[in-house]
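The chains referred to below are lettered A, B, ... by the order of the sequence lines, with proteins before strands, and numbering in each begins at 1.
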Number of protein chains: 2
Amino acid sequence: MSAPAPTTPQQTGDAAALTADPLAFGVGARITAAVMSDRYVEIITDALAAVDGAGLVVDPGDVSTYVGGSEADLLRYVTQLSAAIAGTGVHASIVVHLSRGCPGEVVCVLPGGAGSRVVELPQGETTGHFAAAEWALYPLADGVRDGVEPDHMRDIYAAIDHARGNGTFVASEHFVTRLEGDLGAVLETVVCGWARVGRSVQHVTSHLTISVNSPSHAAR
Amino acid sequence: MSAPAPTTPQQTGDAAALTADPLAFGVGARITAAVMSDRYVEIITDALAAVDGAGLVVDPGDVSTYVGGSEADLLRYVTQLSAAIAGTGVHASIVVHLSRGCPGEVVCVLPGGAGSRVVELPQGETTGHFAAAEWALYPLADGVRDGVEPDHMRDIYAAIDHARGNGTFVASEHFVTRLEGDLGAVLETVVCGWARVGRSVQHVTSHLTISVNSPSHAAR
């Protein structure tokens, strides 16, 4: 369960150290790769073996794999994993759940006033694989700080502009934004949008469902 | 894209009518069923044919299927669909993204002051199929109304208590709550938790990833 942090800031401990360390700040992803083939175990095992997990904590599970670490390392990891799966030509659904700013579950463990974490927006890789995806982005803990309410809509619009700028934006649909394009560009859009909103909001999550090698995409 | 509604209430139009009509209030789900078999098209087609879509708007897509309608109808639909897939014995991942209170995407279309929608918590069905799942619940638009900030944590705790009460709660993990049990009980927990938080918060979303027939669950 993931709920917004308390809106009343309470600066305790070393906030700068909390926001600088990705694991302390709770920067991570849960990834579910579902491969629609009888050979799913072999395909996922091969894909995991092809991925560079440097700098990351990786904890596989039966529902998803948790990966913790910096935004740039996460983007590299999820891009390599997804590209390895897409490269098999088999239809697959890849779900990526990103979170930063709340290492806890029901109630945020970080003090509400830990503040936001500002990072360089990582650059994606071109994979050569087409992806269609649905994206939701949630700025959660944006309580008033120092009497000023953070303008998370400014960052949401900047995230959308980024998607329009790199050509991945397709349309707004019920509850999500539809993205299409190179798998690497789609993932860059989502990781950068999430990190960008995180410049002003402490707790930001994002959910992405990607489809690769769909029979519906045969014309691409 | 889905972002919180403006926090400044602005009551326009007939708020009671907006909250009473599930489609006007944006009550719905996006469902992605990924079946890990060469026969995935046949299995999904058969499952969709077995489901009762009465009262719902159903719009299939290549990434997910959008389903709009009341909470009770949504619970019945997603339970029947998931149970039909689980009944094949094939390993599958089923992702359910629930939303209510924000029919729009980037910016909520409903006025911030439309208010919350209160419904009876629907009863789940027992399916006889084991499921493991990861759950995130997001109360989004809980700005101050009438000078009172809604106590969404009270409802989050009530949602967790519901999960403990029906035995589906397992543990808090990074970014999610782990649920296990009968597929129908897991879905009831999530739909009721979402509707319960929606009694005090207008815009509430929830994301659930379910695993059925996993080789990891062979001992169940």
Using every non-hydrogen atom in the two residues, find where Phe175(B) and Gly28(A) come nearest and quote the distance to one decimal. CE1-C, 3.5 Å

Closest non-hydrogen atom pair between Val35(A) and Met36(B), with its separation: O-CG, 3.0 Å

Heavy-atom pair count under 4.5 Å with chain B, highest-scoring of Ala163(A), Ser64(A), Ser206(A): Ser64(A)

Using non-hydrogen atoms only, which part of Ala92(A) is less than 4.5 Å away from chain B: side chain, backbone, both, or neither? neither

If one checks every heavy atom of Ser37(A) against chain B at 4.5 Å, the contacting part turns out to be both

Rounded to the nearest 0.5 Å, what separation is found between the NE2 atom of His97(B) and the NE2 atom of His207(A)? 8.0 Å

Is it the backbone or the side chain of Val95(B) that comes under 4.5 Å from a heavy atom of chain A, or both, or neither? side chain

Under 4.5 Å to a heavy atom of chain A? For Thr209(B) that would be both

Just so I know, are the side chains of [X] and [Y] near enough to count as touching, which here means a heavy-atom distance under 4.5 Å?
X	Y	result
Glu173(B)	Tyr66(A)	no
Arg178(A)	Asp62(B)	yes
Leu140(A)	Leu140(B)	yes

